[in-house]
Structure formats: structure tokens, C-alpha cells
There are 2 protein chains.
Amino acid sequence: MQLQTAAHAASFDVASLAMCRGLESQAASHLAAISSTGKKAAGETLFAEGDDADCVYEVVKGTLRVCKLLPDGRLQIMGFPGSGHLLGLAAGGNHAYTAEAVTDVTLCRYPRASVDRLVDKVPSLARRLWTATSDELRFAQQQLVLLGRKTATEKVASFLLLLAEQQKSLDGTVFVSMSRTDIGDYLGLTIETVSRTLSKLKRDGLIALPVPDQVKLLDVERLSELAEGESESEA
Amino acid sequence: MQLQTAAHAASFDVASLAMCRGLESQAASHLAAISSTGKKAAGETLFAEGDDADCVYEVVKGTLRVCKLLPDGRLQIMGFPGSGHLLGLAAGGNHAYTAEAVTDVTLCRYPRASVDRLVDKVPSLARRLWTATSDELRFAQQQLVLLGRKTATEKVASFLLLLAEQQKSLDGTVFVSMSRTDIGDYLGLTIETVSRTLSKLKRDGLIALPVPDQVKLLDVERLSELAEGESESEA
DNA sequence: CACGAATTGTCACACATTGTCACATTCCGA
DNA sequence: TCGGAATGTGACAATGTGTGACAATTCGTG
């Protein structure tokens, strides 16, 4: 069943989005009725930390980066949400982080007030959003371990494996849509360390770098060992 | 209105717990009916990462530590939940982390299956648990910034201010119920660096250390500046 | 209550990892 | 084809870690 509103110009079927996963068709109809399409070009800001959280967004196509700033300009990227990710679910009325487009992005947007009203009427929607928040928390907790305890090599290996998993890469080729600087801001490293670590993994035969925005994983098993902190066979 | 079940032996009023915050009295009655009291002695494990998540817990008294392990034994503590904190809300059926008692702990326990059934019937409970998960996520995101971007001094200053805020300290005295090792595992540092940093803050006149499990904050304003990465007046 | 053992915390020094700075190379878009 | 941006590399500095020694504190036993 295809649900459209004038605001979507027939670009995608709201009922098939992650937001509606597990919902009855009536609930999906309600969501479709309140939704609209948004687009952001690469580099544009979706919302800034502290802004009123008046919309819930789902990424339909493309990649965002979500990050927090320290007063002196230091930046920590917390993730690169791609298609199927929901943003703006936080309680508290204001966005806790900044969201910017890494690539051109297509979004489905739902007014937060309308979502909140629906949540009270549709238990499965409440559960859906609670689950989405819980999944995001689980991911953040894994990231805490990475940032707090992993070495640079373990961090980069973990990152490459995450991309491969997200992209369901079958032949080991992953596309890297974000810059080396962004990867560094995500892994708690500098751009030089990211570059040096990628070069070392290449010299060691674990990856190939045909072009800068593509990595070919040549030894997924060894990368998995590195990512989990298994001691290297020889240093 | 005091709600008790035989399982509680009159130790606390379920309706006054964080779990019931914002709920109608009938919902609170339902929760009281399914709840029971648990106690853990300092050092005991509440649940381990991977265990079935068959209970939701609220800390009534005392302090836990929640942590994740790497295969080689490295440990990252993600927080020290105290009274009012809920655990075990995650979707997915298994605990994503290990919870252990830092001090003797009193808990209120709710079977997860019963909670899930109530959630469908009581929209305010669904919202309450979604909000609790969201608050936990917001905290984890702040911690990502700390682990990924802050220096050792900024980390320790942040930690001390967090304790002061949680304990609603009026005269700057905070109680440190966790060991230096635990603080290190929480801040992504080693025990020596935690000790060195505390000693430096003491030498600089920002804190006093009357006994190892107590810190007196002498210059909260300066500590706040340090915690946020404001450049030091003179090094 | 005193004493000894165990545990925790502190300190100094050497080392390793990552950051900083400067510059070279590569890639991409006009 | 060229210029600007992004990436890669090398040398050196800084921060935090690792290690060993010692001090302080806590706990258990007599």
C-alpha cells in the first residue's frame, strides 16, 4: 500500500520506512499524513545543538554526521546516520547535538508535536520509538568502549568493519563518504593518525586503497581480531 | 498513598520511585504489584553483559557501576548509576553491559515481561521509559565527548563536578564511593594518571583531599572552566 | 586496642603512542 | 590542464602509560 502526501511529491513510500516498521497500517497512514520530505545538500546543517527539537527526521537517502562541540572548537562526531536512522527523538525539548549533511541527503520529516500525540494513541508507535532510542543507546555504549579503551589501530579496524557491516559489503569493498578529518573526529584521533593507520594496514596487506573514498578489506578475519584487541602475531 | 507488596517488607514506597514518576496512581499500583526488593553487597554482580534481560531494576539506595569488557580484559565503565536510575530497559533481550555493586545496594525489581505488558496498556508508562532511555542516551553522548576529546585534567574536573551535581553538594564536599581504578576505567585513564591529576589539582589549590574517599571542591568556577576546556590562565 | 598483612594510593622516571607542524603528493572539479 | 582541496608522510613534541618503589590506609586477628 503506497501512502503519499502532497508534501512528498511521490518520492518514497512512508509506510516502508523504518519509522513505520512493525506498525499497523492505520498508524502508518497517520504518520504518512503528518510527514513531509526534506532535502539537504552536502555540508548543510539540519539542526544545531540547542535548537528546539520540533521535528523527528528519518534519513531516507544519504549520510549525516551528528556531533557535539566543546567551547574551544574541539569536535566529537558521535555517528554517521544513514538511511533508516531516526533523529530528534530525544526528550527534553532541545537537540543535544548538531546534525549536518556529509552527502546530499533526503529526509522524511514528522512534526514532533504530532508524533507525541500519536504516541499516546498508538502503543506500537511508542514501543517503536523506545526501541529506536534504545538501539541508539546500545551503539553509543559500544562507542564509549572504543573511545575510552581502544588503540588507534583497533579504532580504525573497528570503523572499517562497521562500514562493511552497514553497507552489507559482500566483496569487501566499502565506500567512505566521510573525510579523513571526519573519521578522526569520530574515532577521537587526528587526521594524521587516521592516515598513518590506514597506510600501515595497507602495507600490512589487510586493506587496499584504490581511491581515497573506497577501502577494500583484504583480510576481514585479521581486521576483526585487531578490532577486538587480539594481540598481533608479531609487532 | 503508600503501596507495598509482601516482597518489599515495607522498605520503601514504590509509588515514590523514579519508575513511577508522572504516572497515574492506578499505573503506580500495577507497578507496585509486580515489584520486589533486591539487595546486592558491594562487589557483587547484578547482571553480566549478555545475560537475559528479564528484569528492569531501579536503584533505590547505593551505587552500581555499569561496564563493558574487551576480550583481553580491558574495561570501560560507562557510569555509576545511583538512586533513581533505571537499568535493564534496553531492547534486544540481552543485557548490553555488566552491572556490579560499588557499595551495598538496594534495588526495586520489575519482571520485564510484566513491564512490557503494562507498557501497551499505559501510555504514560511507555513515555516514562522512553524518556528514561533518552536521558541515558543524552548522558552517554556527553561521555563520548569526554572520552574522545578531553584531556586528563578536563576529564577529572568534569568527573568531580558531576559528582557534586549528583550529590547536590552545597559546601563543595563530594563523596567518592568508587576506587581510583574505577575512576580511571570510567575516564579512559589509568589509576596513576587519575592520582597524578588529583594531586596536581590539589597543589594548584582547586581541591582538597581530606581522606581518599572525599574531595572538597575549593574553586568550583575554575574547575568548571577546566572541565569545559577553557585555556588555563597560566600553565 | 595493637599489630601485621593486604590493599590502595602516590610519586618518579623511562617509554610509547599520538599530536603538532611543515611540506609533498594525489585527486577532483572547473 | 590547472588550481585548490584533500590526503599522505616525516620529524619532533607532548601527553599519557608502564613500571618499580614506597607511603598511607584499611582490615582482620590476637
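So that the names make sense, note that chain A is the first sequence line, chain B the second, and so on, each numbered from 1. Being a predicted model, the structure only gives us computed values, none of them experimental.
- The interatomic distance linking Gln214(A) (CD) with dC27(C) (C1') rounds to 14 Å, in whole Å.
- Side-chain atoms of Thr98(B) and Val66(B), non-hydrogen and from C-beta on, never get closer than 4.5 Å to each other.
- The distance between atom CD1 of Ile191(A) and atom C1' of dC23(C), rounded to the nearest whole Å, is 14 Å.
- Here Ser199(A) lies in heavy-atom contact (under 4.0 Å) with sugar-phosphate atoms only.
- In this structure, Leu201(A) and Leu226(A) have side chains that are in contact, with non-hydrogen atoms separated by less than 4.5 Å.
- Contacts of Arg180(A) classified as side-chain hydrogen bond (donor to acceptor under 3.5 Å, both in side chains), with partners at least two apart in sequence or in another chain: none.
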TODO: Encode nucleotides 21-27 of chain D as B, S and - characters from 5' to 3', where the letter depends on protein heavy atoms closer than 4.0 Å: B to the base, S only to sugar-phosphate, - to neither.
DONE: -------
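- Side-chain contact annotation: Thr190(A) with Thr193(A), donor-acceptor N/O pair under 3.5 Å present.
- Taking atom CD of residue Glu192(B) and atom P of nucleotide dC15(C), one finds them 17 Å apart after rounding to whole Å.
- Checking side-chain atoms of Arg149(A) against main-chain N and O of Leu189(B) turns up a donor-acceptor pair under 3.5 Å.
- Less than 4.0 Å separates DNA chain D from no heavy atom of any residue of residues 171-184 of chain B.
- One finds the CG atom of Asp182(A) at 4.0 Å from the CD1 atom of Ile77(A) (value rounded to the nearest 0.5 Å).
- Positionally, the nearest nucleotide of DNA chain C for Val194(B) lies more toward the 5' end than for the other of Val194(B) and Thr193(A).
- Sequence order on DNA chain D of the closest nucleotides to Arg196(A) and Ala152(B) puts Arg196(A) first from the 5' end.
- In this structure the side chain of Gln141(B) reaches within 4.5 angstrom of the side chain of Lys68(A), judged on heavy atoms.
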